Amino acid sequence: MFAFIIRRLLSLVPLLLGVSLLVSLLMYLSPGDFLTQARAAKDIDPAVIEQQERQLGLVNADGEATAWFVRYGHWMANISLVKYGPWVGQPEEGLSFGWPYFGESWTYKVEVFTLLKQRVPATFILSLTSIFFAWCIAIPLGVLAAIYKDSIFDRISALLAYAALSIPEFFLAILAVYFAAITGIFPEGGRSSVESEFLGLGARILDYGYHLILPTVVLGIGSVAGMMRIMRANFIDYMQAEFATTARAKGVAERVIMFKHVLRNAINPLITAFGYSFASLLSGALLVENVMNYPGLGQLIYEALIREDQYVVMAGVLIGVVMLVFGNLFSDLLLGWMDPRIRLEGGAKNGASGQKANLVWLVLIGIIALQILLEVFAPSLLGMIGLILKYIGLLLVGLLAVACVLLVGYIVFTLFRRLIGGVLRRPMGAAALAVLTLLYCGALFAPAISPYPITEQNLVKPYHPPTGFAWKDGALHAKLYQKEAVGSPTYIHSEDATAPIVWFSKSESYKLFGLIPMERKLFQLETEDPAARVYLLGSDATGRDIFSRLLHGSQVSLSIGFIGISITLILGFIVGSLAGYYGGTVDFVAMRLVELLMSIPGLYLLLALRSAFISPDFSPTQVYMVIIIILSVIGWAGTARIIRGMTLSIRNRPFVVAAESMGQCVPMILIKHILPNIASYLLVAATLAIPGYILAEAALSFLGLGISEPSASWGLMLKQSQGNMIVFFMNFWWMLTPGLAIFVTVIAYNVLGDVLRDIVDPKMQTR
Amino acid sequence: MSDLLKVSDLRIAFHSRDETNEVVHGINFSVETSGQTVAILGESGSGKSVSCMSLTQLLPKPPDCTVSGEILFQGENVLEMDAEAIRGVRGKGIAYIFQEPSSSLNPVFTIGYQIAEAVRLHRPDIENVKGRVIELLELVGIRDAAKRYSAYPHEMSGGMQQRVMIAMALACEPELLVADEPTTALDVTIQAQIMNLLRELREKLGMSIILITHNFGIVKGFADEVIVMYRGEIVEQGAVESVLEDPQHSYTKALIACIPKLGQKQKRLSTIESEMAGR
């Protein structure tokens, strides 16, 4: 056991090395640096900037830019316990001993370590309390739902689980702040009260606890649903296990059987999931901390990434990875203690694969070293290689896009046609399909349905409430509103001030599907007053119509999941099926790559990649493309792992061997024999994975790093209400409708996915 | 001798969403006190296991499954007992040994704990529970019983696990032991050991046994009476010798013919279908 812990901790070293190298490379690739903003400002003396550059180590003594790997080297030299004088900026040569020094935050002008010392405990405690909260709610609920299976309680809790699973964390956080603002029961954010410094120790701890409640609940609820479903399914399995019958035959009371014999077995998967839930909590914490203004690690890293405060980002991401590895280690130890069948040693086999793992790391470091060498000795060659790689990349993306269209066509035509009858027969499936059809139609016909262009501002009517309607003179009229007082965002409807709605009237021309020129819109307001509008869902801070923006935003939000999952599936299928088919070294390399991708908290990787690849001068379409590609690059790992497992089990089936014996080539075997056998699982997995993409895009846009103004996307629209207390205090609920739209879409996909899974594999059924 | 157990007109039906499937169609049998052994024979799905599970209401509750008829255990109808009363019968009155010892033991508790649980439930008068458990482990022939007390099920072989199951069943000295195919999951030499152990214990403790099996070989020399079940009905019933030597029903004949005999040359192993068709 001791050896096990030591080995796990040792394996942390190459991981940290790799991750820090990767992060520092990504930081280097991202356009601009810490001083970009200062340079753009006109009133700052260039001499000051030059001095700053030298001070921060961005340029060397001769005024040339320092290469990223040199800075990385300095950073590493500062961290190591044994320091060599000149490398850490000391005049005397020779080795000396010193504590690790993580560098200085450029923004705050303090040591990174001091910053982390403040922020890490906050996030750590938040993660722990929300895991604890999730367990305390999920386990009893799951157990009760299993024991009273099919009862009304079971159904209600399943419904709530769906809801909790589908609500985006940041939207929930906004709702929580909204709730806190309206009721005043909970603080609206922060970690402590203003007066906390003057309180006694006990009162201070209570104050911290009080501020923890809302973030804990918000962060915990997402995991409650998943855990509850796992718990329920497991518990039902073990309730029918033979050892339960044995206990019953002994005359043990039913209560004891359930809570002792069954529970101890059913809880194991939850413990295994502990490590992973820690990872997702770290990502979630970033969003929740951001919305609730909780000073934690996530917010620190996010801000540092935006400002390119390099050393903070690197140290922060490393701490995140360390927390993740410790979470996994802890859950392994706990599992070993809970389940006597698990041995933590497993020496010989692990040793061999450990050596191979080091090999992979060596190769990776070798590639980076080659890049460094090229940069030093032949910068022009590197530029050429970069160019070639770029074109190869473009070619690949093009090929991928074509392949994706083919695959999606294949899935829709062969599989969905077969399954659609089953889906429609189930009320839940039919409802989900209807909702999705409606949403996608809305997105397709957005220009025709939406009454106003998304960028058209109406500055005299900010925060206009949804328009009411009246029936007058045999036609539908929209009520008109006036501001209560100049400058006040409160509107009142003056009696009989209405304007008729005209259907299919002419307005400015647009192109439907980007092709068909049209100029009639579904409905318009017929009025002389240029400021009079019909706001189905109210207006935002600049008087833009939220309904129109919602429809146009759905084009982004709804398509991103679809295209993203197609690319993911193709990539995952290629890597996963090759790994599963060939096994051996191919398998090993592919799986290590997958593990590397999965070992970095998802949202951090997303942020780092996005800041590396998107420059400010990109057009909205380019940003959209890059986001899809980044999301797919991160997402394929999990899919590849599943496909590999399935391929592995199909690979030795007689029909595959038969095809091999006939001399069929490998790609044909994979496509003709293996793909059809896993296609239905893929469809289910894809349906259940699409919500992840929608949520990720929304989160990215919400953080202001995705689709940017004046384009519309659901996450971006929600950003307006973040930190904008006027929205909460004046009860502008219509500003939150994009959150509702995300929620409805995600829940529809989740329901559809579950229904499809029940049809494809009745055994997997977990209501 | 009086009847320890009397089953009359037992019917068991399983209900799924849209159909009802009756698997036992009104069977009658009885077991006498003091060491009578009844063997219930039959192929898979003939209803022998569910019949015995119903003896202590171990089948799923209605509406999934309904049991009708009358099961008198020591003169009381088991089917009408409430949950509390039935727990008194389970273990103390009727104890079970199941087919698959590896999955019938809870993997996360030590075997000592699992046996002790049964002792504590039905014999609150015993103070030295651990001593009693060790005694039981020795009784079923487990060496180093004191050491094995804290072993987990996965650390033992299949034969040892079955001995633990037997020790657990014997923990409260039941009147009736139901052995549901106790040797099916074990290899042949271990089978003989387990049957010998059961025979020994029966003589020592004087309990009655219901042995469920599909193997005629272990019935002879072990059971007093044999019941042959086929598709939910009892097709033949009687003393072991008479049934074995002079089977009346064609299914019994077929079943006996299927036993591979040592030294006899056969082209193919007989199957029930071919034997039944030939008659």
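On a predicted model such as this, the values are computed, not experimentally measured, just so you know. Chain naming here is simple, since letters A, B, ... match the order of the sequence lines and numbering starts at 1 in each.
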May I ask you to test the A:Arg264-B:Asn106 pair for a side-chain heavy-atom distance under 4.5 Å?
no
Taking atom [atom1] of [X] as the centre, report whether more than 12 heavy atoms of other residues, nucleotides or ligands fall under 6.0 Å from it.
| X | atom1 | result |
| --- | --- | --- |
| B:Glu173 | CD | yes |
| A:Phe330 | CZ | no |
| A:Ile152 | CD1 | no |
| B:Tyr149 | OH | yes |

Tell me, side chain or backbone of [X] under 4.5 Å from chain A's heavy atoms, or both, or neither?
| X | result |
| --- | --- |
| B:Leu105 | backbone |
| B:Gln99 | neither |
| B:Ser103 | both |
| B:Ile94 | backbone |
| B:Gln114 | both |

Taking all atoms of both residues into account, what is the closest heavy-atom pair of [X] and [Y], and its distance?
| X | Y | result |
| --- | --- | --- |
| A:Ala249 | B:Leu58 | CB-CD1, 3.8 Å |
| A:Lys260 | B:Tyr113 | NZ-OH, 2.6 Å |
| A:Thr246 | B:Met168 | CG2-CE, 4.0 Å |
| A:Gly251 | B:His122 | CA-NE2, 4.0 Å |
| B:Ser104 | A:Glu242 | OG-OE1, 3.5 Å |

Side chain, backbone, both or neither of A:Ala253 within contact of chain B (heavy atoms, under 4.5 Å)
both
Less than 4.5 Å to any heavy atom of chain B: does that hold for the side chain of A:Ala241, its backbone, both, or neither?
neither
Specify which of B:Pro174, B:Pro60, B:Pro153, B:Pro107 makes the most heavy-atom pairs with chain A at under 4.5 Å.
B:Pro107
Pick from B:Val178, B:Thr110, B:Leu121, B:Val108: which one has the most heavy-atom pairs with chain A under 4.5 Å?
B:Val108
Give, for atom CZ of A:Arg248 and atom CD1 of B:Ile86, the distance between the pair rounded to the nearest 0.5 Å.
13.0 Å
